[in-house]
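Here is how names work: the chains are called A, B, and so on, in the same order as the sequence lines, proteins then strands, and each is numbered from 1.
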Amino acid sequence: MTSFTGITAVANATNEMAMFKQAMKEVAAHPEWMSSRQIERQRWNPYSMEGGSTCAISGENFAIVASDTRMTQNDINILTRDAEKIQILNDNIILTTSGFYGDVLQLKKVLQSRLHKYRFDYRSDMSVDLCAELLSRNLYYRRFFPYYTGAILAGIDEHGKGAVFSYDPIGCIERLGYSASGAAEPMIIPFLDCQIGHVTLSEGYERPELTLDRAISLMKDSFRGAAEREISTGDKIHLVIAEAGKPVVVKFLPLRED
Amino acid sequence: MNAHDEVQRTLNPTCTGTSVIALQYKTGVVVLTDRVVSYGKMARYKNVSRQYKVNDNVLIAFGGDHADFHWLQNVIERQVLLWKRFDQDIGPKALHGYLTSLLYAKRCKMNPVWNTLVVAGVEEEEKNNKETSTPFIGVITQKGCAYQVKHIATGLGAFLLNQAVEDEWRKKGEDLSREEAEAVLRKSLELTLYHDCVADNEFEIGRVDATEGVVLGKEEKIIGDWSIAETNCQYE
């Protein structure tokens, strides 16, 4: 009889110890004095924002893409004045991204390797429509730990027309005439809405046709305007021009550096 | 994620190094770090080098958690040995790419390497042709954000020095000599010493040169001008 109670006592003690340890773990993870919001705030944030803006405009037989080359830390400190945010994936696909630069690099690497594999398998370059769908799938694949990027894919499609595809961070896709993303997006979009979309122009006014030259000057204007007002946009415009049947042209234009 | 995991990840750095300052000159790169590792605000370990020679072409300097960098040194060493098996020396660009992927992968597992790395070096192929030789400085943050620069100050130095170093670099550009570059770095360290409370006055300047290869610096010391302290009334 006595030995039997002894065993239960030991069993009770080990059980109590285990419960005590469990309670200690729980209280360390969710201290009672901290609200869930405070715990959330203390958690390490895997994202950082490097600022900058990008924009793309498509026309009848061309697509132009531009981005600034500034990379900032906390919006107040310039890390570098010549960061690359535009990737020319092949002769008719251009990817431009803003947001978290680590994800931008990863996304570029993933797409490049997929395009490389496509070339290996099919002996031809991928078309921009296919790549647009591929990018959308790749973004949605990381639905619950997203690439924090505002991506724009531009290029010349199979019919020789300019194409711009705009994305949100989790892969929602839309083919548009023009698009912008990044810090100065709220400034560039209304300007292009007015100049290209003519959404606020009353009837009877002249609506100039969108030629390549006009698109380029609008692009320059929108970035110069953005650089005046938005602190994480500046230094240089990285301008990429794709025209049907012509090689891709890359230009760098100065912007304000303060 | 439960409580037990927290202690196995660097979500709070313990012993840390502060700024790294690096500058490209005509034929190479000079890198300045101070020689202290702090525990919070306390100068816990003195006479600790924060630079690591990978091989004759590559030098790495770090800011951030010291223990994580020790772990990285081990990983880098293994990578160097892997390249050796194919009779090759790892170059700065390759190592920069490798570490970018590594840090990004660790970030995605929510287990970051708490370091800001500065990879400095010269490519072996370019060393033979002095005309096209371009020195390399690559920076990687703990979240896997990587970029190349001509001049850099990390940590608190990013806020204090980036502009000062950039202005100096722009005066001469690519023609900056080694002595001039080192003078810029010494001046910069003096500025961090005044403004960054965990910066130290004992430092070293390492360099990677196209002809000499990696030369680790000797310990140096500056005092600075503290005459203004006499007029400061905020302290006893």
Q.
Under the criterion side chain to side chain contact (heavy atoms under 4.5 Å, CB included), I'd like the reasoning laid out for B:Ser101 against A:Lys109: C-alpha separation, chi angles, the key distance, then a yes or no.
A. CA-CA 10 Å; B:Ser101 298; A:Lys109 255 185 274 185; 3.1 Å; yes
Q: Output, in order, the C-alpha distance, side-chain angles, deciding distance and verdict of side chain to side chain contact (heavy atoms under 4.5 Å, CB included) for A:Arg142 and B:Cys108.
A: CA-CA 11 Å; A:Arg142 291 265 300 253; B:Cys108 289; 4.2 Å; yes
**Q.** Shortest non-hydrogen separation from A:Leu79 to B:Ile152 and the atoms involved
**A.** O-CD1, 4.5 Å
(Q) Tell me the closest heavy-atom pair linking B:Lys143 and A:Tyr47, and the distance in Å. (A)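 For B:Lys143 and A:Tyr47, the tightest heavy-atom pair comes out as NZ-O, 3.1 Å.
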Q: Would you check if there is a donor-acceptor pair between the side chains of A:Thr80 and B:Lys150 at a distance under 3.5 Å?
A: no
Q) Between the side chains of B:Tyr147 and A:Asp82, does any donor sit under 3.5 Å from an acceptor? A)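 Their side chains do not contain a donor-acceptor pair, so the 3.5 Å distance test is not met.
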Does a sphere of radius 6.0 Å around [atom1] in [X] hold more than 12 heavy atoms from other residues, nucleotides or ligands, not counting ones at 6.0 Å or beyond?
X: A:Met19; atom1: CE; result: no
X: A:Tyr141; atom1: OH; result: no
X: A:Arg137; atom1: CZ; result: no
X: B:Tyr39; atom1: OH; result: no
X: A:Arg256; atom1: CZ; result: yes
X: A:Arg114; atom1: CZ; result: no

**Q.** B:Phe159/A:Asn74 under side chain to side chain contact (heavy atoms under 4.5 Å, CB included): CA gap, chis, key distance, verdict
**A.** CA-CA 11 Å; B:Phe159 295 92; A:Asn74 304 333; 3.8 Å; yes
Q. Is chain A contacted by the side chain of B:Thr154, its backbone, both, or neither, given a heavy-atom distance below 4.5 Å?
A.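 Contact with chain A is absent: no heavy atom of B:Thr154 under 4.5 Å.
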Q) Is chain A contacted by the side chain of B:Gln148, its backbone, both, or neither, given a heavy-atom distance below 4.5 Å? A) backbone
Would you give the length of the straight line joining atom [atom1] of [X] to atom [atom2] of [Y], rounded to the nearest 0.5 angstrom?
X: B:Tyr104; Y: A:Tyr101; atom1: OH; atom2: OH; value: 13.0 Å
X: B:Asn162; Y: A:Arg81; atom1: CG; atom2: CZ; value: 9.0 Å
X: A:Phe145; Y: B:Met110; atom1: CZ; atom2: CE; value: 5.5 Å

Q: Quick one: do B:Cys145 and A:Met71 satisfy side chain to side chain contact (heavy atoms under 4.5 Å, CB included)? Show the steps, please.
A: CA-CA 10 Å; B:Cys145 162; A:Met71 192 202 277; 4.1 Å; yes
Q: Measure A:Gln73 against the heavy atoms of chain B and call it side chain, backbone, both or neither at under 4.5 Å.
A: side chain
